[in-house]
Amino acid sequence: MNIQYEDTTLPGSYGVVGSFPKSFGYGVEVPDLEESPTSADKPRILLMGLRRSGKSSIQKVVFHKMSPNETLFLESTNKIYKDDISGSSFVNFQIWDFPGQVDFFDPTFDSEMIFKGTGALIFVIDAQDDYMEALSRLHLTVSRAYKVNPDINFEVFIHKVDGLSDDHKIETQRDIHQRANDDLADASLEKVHLSFYLTSIYDHSIFEAFSKVVQKLIPQLPTLENLLNIFISHSGIEKAFLFDVSSKIYIATDSAPVDMQSYELCCDMIDVVLDISCIYGLEDGSGAAYDEESLAIIKLNNTTVLYLKEVTKFLALVCILREESFERKGLIEYNFHCFRKAIHEVFEVGSSNDGAAWRPASSSSNSQPGLKYASLNGSAV
């Protein structure tokens with residue numbers, strides 16, 4: 001579906017799973033932690049933290065489109081909850097939501113099984129609460145996980161910062177950063193690297209933080225960034241994001257710094273396109289709101305143009321450019337065709353008919369990255 005929209009304003013028991021009633025309709029409940037053959041090779045992201053820190057709310061808002069206000073009615077997680085999100089998303093991994101009262105010294109807690117296949121461990125700290133106990137639990141969690149799997153990416157979400165002033169946010173992040181790293185140094189774990197993010201489910205900060213987490217798990221990230229750099233440099237585009245449409249996580253962007261307002265505009269554009277497509281674009285109520293013909297152009301009143309175009313079944317390219325640059329629309333479309341072709345070379349489509357997420361291409365198809373860049377270098381300027 002093609003959309004052109006003129007905007008006149010500038011939008012500013014550890015072995016058992018089942019913490020949520022089935023009537024919620026969010027995620028998939030799994031009877032135990034024994035992984036099926038199809039999920040055994042999927043990287044997983046662990047959500048950990050104290051009770052009521054906001055772990056389940058993050059998962060529901062980012063990957064299941066739950067309204068932030070609805071999360072107020074979520075029950076507290078009391079069992080491990082496993083969610084496989086690869087069915088409707090480009091990102092192909094599982095998210096395990098852990099209860100806040102996890103006891104690492106409990107004999108039923110199998111650290112080897114939990115941490116061995118983990119790509120990232122996200123520890124959520126409630127910034128509006130006393131975080132001394134959370135820091136102690138963070139240290140215990142990181143220490144245990146690092147001994148089992150030193151390759152885990154450790155991410156710390158300093159959460160619920162929407163209720164804090166800007167100065168308080170900065171001071172809280174500095175204090176948590178200092179205390180957490182001092183604890184690691186005292187335990188002779190200086191090699192452990194912690195990444196810190198200020199997050200809230202009431203704005204786009206949680207999506208940007210999760211984007212950074214997911215990008216570390218994508219081995220093709222440098223190739224994708226180079227492709228985007230070449231594309232924007234030959235097309236007069238100021239900023240470009242490669243979005244996972246379902247979750248609004250951007251899996252790659254160009255090398256220019258990410259401006260939060262630009263990211264929010266692009267996220268909002270995806271919502272606009274999907275909403276309008278659902279209302280006006282589906283014939284007889286059939287089809288999909290996002291398909292190979294999805295294209296949208298939104299012109300703001302400050303000479304800025306937002307441009308969205310389908311790349312794959314799960315990915316969309318969202319660009320920000322000036323109106324004078326958009327006058328060369330033919331050049332942009334040709335360069336996009338080259339970019340899209342290169343993306344298809346970087347990834348291979350899963351052959352199953354159930355819409356499985358794309359998986360990394362074999363090493364042989366990714367062994368000559370120069371070919372993938374060359375397909376854009378021929379663009380006329």
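Inter-residue side-chain proximity for Asp97 and Asp83 is flagged as unmet; no heavy-atom pair is nearer than 4.5 Å. Counting heavy atoms from C-beta outward, Leu184 and Val142 have side chains that approach closer than 4.5 Å. Residues Asn153 and Ser195 form no side-chain contact, since every pair of their non-hydrogen atoms from C-beta on lies 4.5 Å or further apart. For the pair Asn69/Tyr202, a side-chain contact is recorded, criterion being any heavy-atom separation below 4.5 Å from C-beta on. You'll find the side chain of Gln128 reaches within 4.5 Å of the side chain of Asp162, heavy atoms only. Proximity of Lys169 to Asp166: side-chain heavy atoms (C-beta onward) are separated by under 4.5 Å at one or more points. Looking only at side-chain heavy atoms (C-beta outward), Ile343 and Leu317 stay at 4.5 Å or farther from each other. The closest side-chain heavy-atom distance from Leu194 to Val192 is below 4.5 Å.
The closest side-chain donor-acceptor pair between Ser165 and Asp167, if any, does not fall under 3.5 angstrom. No side-chain N or O of Lys147 forms a donor-acceptor pair with one of Ser111 less than 3.5 Å apart.
Residue Ala240 comes nearest to Thr253 through the heavy atom pair O-OG1, 2.7 Å, listed as atom of the first residue, atom of the second, then distance. Scanning all heavy atoms of the two residues, the minimum distance from Phe207 to Val62 falls at CE2-CA, 3.8 Å. Minimum heavy-atom separation, Met260 to Ser205: CE-N, 3.4 Å. Across all non-hydrogen atoms, the minimal contact from Thr172 to Leu164 is OG1-CD1, 4.3 Å. Nearest approach of Ile332 to Ser325, heavy atoms of both residues: CD1-O, 3.8 Å. When all heavy atoms are compared, the tightest approach of Ala127 to Ile158 is CB-CG2, 3.7 Å.
Of the possible donor and acceptor atoms, one in the side chain of His344 sits under 3.5 Å from a partner among the backbone N and O of Val311. Without hydrogens or angle criteria, Asp175 side chain to Glu171 main chain gives no donor-acceptor distance under 3.5 Å. Judged by distance alone, the side chain of Ser136 and the main-chain N or O of Met132 form a donor-acceptor pair under 3.5 Å. Put simply, the side chain of Glu70 never gets that close to the backbone of Val61: no donor and acceptor are under 3.5 Å apart. Judged purely by atom type and a 3.5 angstrom limit, Ser200 has no side-chain atom pairing as donor or acceptor with the backbone of Val161. Using a distance-only test at 3.5 Å, with no hydrogens or angles considered, a donor-acceptor pair links the side chain of Lys239 to the main chain of Ala256. Formation of a donor-acceptor pair under 3.5 Å by the Lys65 side chain with backbone atoms of Ser246 is found in this model. Side-chain N or O atoms of Arg44 include one that pairs as donor or acceptor with a backbone N or O of Ile114 at under 3.5 Å.
Taken from CZ in Arg52 to OG in Ser57, the straight-line distance is 7.5 Å, to the nearest 0.5 Å. Interatomic distance, CD1 of Ile152 versus OG1 of Thr118, reported as 5.0 Å (0.5 Å rounding). With rounding to the nearest 0.5 angstrom, the CD atom of Gln59 is 5.5 Å from the CD1 atom of Ile95. Between Ile230 atom CD1 and Ser235 atom OG the span is 11.0 Å, to the nearest 0.5 Å. For the atom pair Ile320 CD1 and Ile237 CD1, the distance stands at 10.5 Å (nearest 0.5 Å). In this structure, Ile45 CD1 and Leu217 CG are separated by 5.5 Å, a value rounded to the nearest 0.5 Å.
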Working note: Glu323 + Glu327, criterion side chain to side chain contact (heavy atoms under 4.5 Å, CB included); need CA distance, chi angles, decisive distance, verdict. CA-CA 7 Å; Glu323 282 189 8; Glu327 293 176 358; 6.0 Å; no
What verdict does the side chain to side chain contact (heavy atoms under 4.5 Å, CB included) test give for Met48 and Leu121, after you've listed the backbone C-alpha separation in whole Å, the side-chain angles of each residue and the deciding distance to 0.1 Å? CA-CA 7 Å; Met48 293 186 163; Leu121 190 157; 4.1 Å; yes
Ile201 vs Lys60, side chain to side chain contact (heavy atoms under 4.5 Å, CB included): CA-CA, chis, key distance, verdict: CA-CA 10 Å; Ile201 59 174; Lys60 303 307 176 188; over 6 Å; no
List the steps and the verdict of side chain to side chain contact (heavy atoms under 4.5 Å, CB included) for Leu331 and His234. CA-CA 9 Å; Leu331 172 64; His234 287 79; over 6 Å; no
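In this structure, Glu155 pairs ionically with Lys216, as a charged nitrogen and a carboxylate oxygen lie closer than 4.0 Å. Residues Lys248 and Asp271 are paired through a salt bridge, judged by an N-O separation under 4.0 Å between the basic side chain and the carboxylate.
Each of Leu198 and Ile170 belongs to its own hydrophobic cluster when Ile, Leu, Val, Met, Phe, Trp and Tyr are linked at side-chain heavy-atom distances under 4.5 angstrom. Both Phe93 and Leu242 are assigned to one and the same hydrophobic cluster, defined by single-linkage of ILVMFWY side chains at heavy-atom distances under 4.5 Å. Under a hydrophobic clustering in which Ile, Leu, Val, Met, Phe, Trp and Tyr are joined whenever their side-chain heavy atoms come within less than 4.5 Å, directly or via other members, Tyr197 and Leu50 fall into different clusters. Hydrophobic clustering places Val273 together with Ile251 (ILVMFWY residues linked when any side-chain heavy atoms are closer than 4.5 Å, directly or through intermediates).
A 6.0 Å sphere centred on CD of Glu333 holds more than 12 heavy atoms belonging to other residues, nucleotides or ligands. Remark: Arg322 CZ is packed, more than 12 non-hydrogen atoms of other residues, nucleotides or ligands lying under 6.0 Å away.
Note on ring orientation: taking the six-membered ring where Trp is involved, the planes of Phe231 and Phe339 are tilted (angle from 30° to 60°). Using a 30° and 60° split on the angle between ring planes, Phe154 and Tyr146 fall in the tilted class, from 30° to 60°. Relative orientation of the His177 and Phe196 rings is tilted, given thresholds of 30° and 60° on the angle between their planes.
In this structure, Lys79 forms no cation-pi arrangement with Tyr81, as its terminal cationic atom is not both closer than 6.0 Å to the ring centre and no more than 45° off the ring axis.
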